[in-house]
Amino acid sequence: MLRWALIFLIAGVVLAVLGFGGIGGAFVEIAKILFFIAIAVFIVLIVLGVLAGRKIT
């Protein structure tokens, strides 16, 4: 998911540099959303891993 966020970010910056500011901004917003979703999933998985580790030991 972070890979897609990076792809959208790079595409957005390239489009903005080429003069397509509207769609470039949209791509950057999509990259932000994907980044925050990836961070949220990461945090949930860390919490689940810690809770599962406590039950095993």
Side-chain angles (χ1 to χ4, degrees):
M1 189 168 301
L2 286 176
R3 178 181 294 161
W4 281 106
L6 185 62
I7 290 169
F8 273 98
L9 179 65
I10 291 171
V13 170
V14 169
L15 287 170
V17 167
L18 293 176
F20 300 103
I23 192 141
F27 271 61
V28 171
E29 289 298 320
I30 292 171
K32 283 185 197 177
I33 291 169
L34 288 174
F35 176 74
F36 287 122
I37 289 173
I39 294 297
V41 168
F42 175 72
I43 291 170
V44 167
L45 289 176
I46 290 292
V47 169
L48 289 175
V50 168
L51 293 176
R54 287 187 183 167
K55 290 181 182 178
I56 291 173
T57 57

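Because the structure is a prediction, the values reported are computed rather than measured.
Residues F20 and V13 do not share a hydrophobic cluster, defined by chaining ILVMFWY side chains whose heavy atoms lie under 4.5 Å apart. A single hydrophobic cluster is not seen to contain both L9 and L15; linkage of ILVMFWY side chains at heavy-atom distances under 4.5 Å, directly or through other members, places them apart. L2 and I7 are members of different hydrophobic clusters when ILVMFWY side chains are connected at heavy-atom separations under 4.5 Å. Residues F8 and L18 share a single hydrophobic cluster, defined by chaining ILVMFWY side chains whose heavy atoms lie under 4.5 Å apart.
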Indicate every side-chain donor-acceptor pair of residues 22-40 with a distance under 3.5 Å to a residue at least two apart or in another chain.
residue : atom : partner : partner atom : Å
E29     : OE2  : K32     : NZ           : 3.4

What donor-acceptor contacts under 3.5 angstrom involve side-chain atoms of residues 42-49, with partners at least two apart or in another chain?
none

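Here salt bridge (charged side-chain N to carboxylate O under 4.0 Å, His left out) pairs that include residues 4-23, with residues two or more places apart or in two chains, number zero.
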